[in-house]
Peer 1: 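I have a structure I would like to understand better, so I am pasting it below and will then ask my questions one at a time.
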Amino acid sequence: MLDEPKYDVKQDQIRNVIISIPVGKVATYGQIAKLAGLAGYARYVGYVLKNLPNETGLPWHRVINAQGRLSFKPGSERYKVQYQKLLFEGITLTNGRINLKKHQWQY
DNA sequence: CACAGGGCCGTTA
DNA sequence: CTAACGGCCCTGT
């Protein structure tokens, strides 16, 4: 019989990309999917991050949507957490938005 | 199998 | 600027 992967390869690739996002930089869902060789998997990236364990080790906070906004409801707990983490890394928001020209991970 | 929904995206109005 | 669509991929019911 064929050995089927015990873990999800796609998720692994996505995680791999997210881990390599440098401090002080951010990446969009679509960008990550593309770098992982999975163009079009933006929503899937969101799905993966959604059910991450609390202590994950992944810099999920450096992942934002294409509009430079945090994909959480402003004011919600999770929004605050992500905001704090970003701020701690020197990433600031202007009118609830991040300047992608300046902070987006260039590769 | 059908359908809804999610930490999305780009285009169009 | 907001809103609506269609497209993309996967999971849960």
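Letters go in sequence order (proteins before strands), and every chain restarts at 1. Remember, predicted model here, so these are calculated numbers, not experimental data.
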Peer 1: Once pairs are restricted to Watson-Crick or G-U wobble with both distances under 3.5 Å, how does DNA chain C read as a dot-bracket string, [ ] for crossings and | for other-strand pairs?
Peer 2: .||||||.|||||
Peer 1: How many whole angstroms separate atom NZ of Lys34(A) from atom P of dC9(C)?
Peer 2: 15 Å
Peer 1: Write down the distance between CG (Leu49(A)) and P (dG5(B)), rounded to a whole number of angstrom.
Peer 2: 22 Å
Peer 1: What's the NZ-P distance between Lys85(A) and dG7(B), to the nearest Å?
Peer 2: 18 Å
Peer 1: What does Arg62(A) touch in the nucleic acid at a heavy-atom separation under 4.0 angstrom: a base, only the sugar-phosphate, or nothing?
Peer 2: nothing
Peer 1: Can you tell me if Gln31(A) uses its side chain to pair, donor with acceptor, with the backbone of Trp105(A) under 3.5 Å?
Peer 2: yes
Peer 1: Evaluate the criterion side-chain contact (heavy atoms from CB on, under 4.5 Å) for residue pair Val81(A) and Trp60(A); output intermediate values, then yes/no.
Peer 2: CA-CA 11 Å; Val81(A) 174; Trp60(A) 58 270; 4.0 Å; yes
Peer 1: Check for a donor-acceptor pair, side chain of Asn95(A) on one end and backbone N or O of Arg97(A) on the other, with a separation under 3.5 Å.
Peer 2: no
Peer 1: Which whole-number value in Å describes the distance from Arg43(A) CZ to dG6(C) C1'?
Peer 2: 11 Å
Peer 1: Evaluate the criterion side-chain contact (heavy atoms from CB on, under 4.5 Å) for residue pair Leu93(A) and Leu87(A); output intermediate values, then yes/no.
Peer 2: CA-CA 8 Å; Leu93(A) 284 77; Leu87(A) 194 63; over 6 Å; no
Peer 1: Among dC9(B), dG7(C), dC1(C), find the nucleotide with the atom closest to the side chain of Gln67(A).
Peer 2: dC9(B)
Peer 1: For the OH atom of Tyr47(A) and the CG atom of Leu52(A), what is their distance to the nearest 0.5 Å?
Peer 2: 11.0 Å
Peer 1: Between dG6(B) atom P and Ile14(A) atom CD1, what is the distance in whole Å?
Peer 2: 19 Å
Peer 1: Return no unless some side-chain N or O of Lys50(A) is found under 4.0 Å from OP1 or OP2 of dG7(B).
Peer 2: yes
Peer 1: Let me know the distance between CG of Leu38(A) and C1' of dC9(C), rounded to the nearest Å.
Peer 2: 10 Å
Peer 1: Thr28(A) side chain N/O closer than 4.0 Å to the phosphate oxygens (OP1, OP2) of dC8(B)?
Peer 2: no
Peer 1: So does Val17(A) get a backbone contact from the side chain of Ser20(A), meaning a donor-acceptor N/O pair under 3.5 Å?
Peer 2: yes
Peer 1: Report yes if at least one side-chain N or O of Lys10(A) is closer than 4.0 Å to OP1 or OP2 of dC10(C); otherwise report no.
Peer 2: yes
Peer 1: Roughly how many Å apart are dG6(C) and dG7(B), using the P atom of each and rounding to a whole number?
Peer 2: 23 Å
Peer 1: Let's see if you can work this out: which of dG6(B), dG7(B), dC10(C) has an atom nearest to the side-chain heavy atoms of Tyr41(A)?
Peer 2: dC10(C)
Peer 1: So which nucleotide from dC8(B), dT11(C), dC10(C) ends up closest to the side chain of Tyr44(A)?
Peer 2: dC10(C)
Peer 1: Quick check on Lys25(A): does its NZ atom have over 12 non-hydrogen neighbours (other residues, nucleotides or ligands) under 6.0 Å away?
Peer 2: yes
Peer 1: Of all the nucleotides listed (dG7(B), dC10(C), dC9(B)), which has the minimum atom distance to the side chain of Asn65(A)?
Peer 2: dC9(B)
Peer 1: Roughly how far, to the nearest 0.5 Å, is the CZ atom of Arg62(A) from the NE2 atom of His103(A)?
Peer 2: 12.5 Å
Peer 1: In whole Å, what is the span from the CZ atom of Arg69(A) to the C1' atom of dG10(B)?
Peer 2: 16 Å
Peer 1: What is the distance, rounded to the nearest whole Å, between atom CG of Asn51(A) and atom P of dG5(B)?
Peer 2: 19 Å
Peer 1: If you assign Tyr47(A) and Ala42(A) each to the DNA chain C nucleotide with the nearest heavy atom, which residue ends up on the more 5' nucleotide?
Peer 2: Ala42(A)
Peer 1: So Val48(A), base contact, sugar-phosphate only, or nothing? Heavy-atom distance under 4.0 Å.
Peer 2: nothing
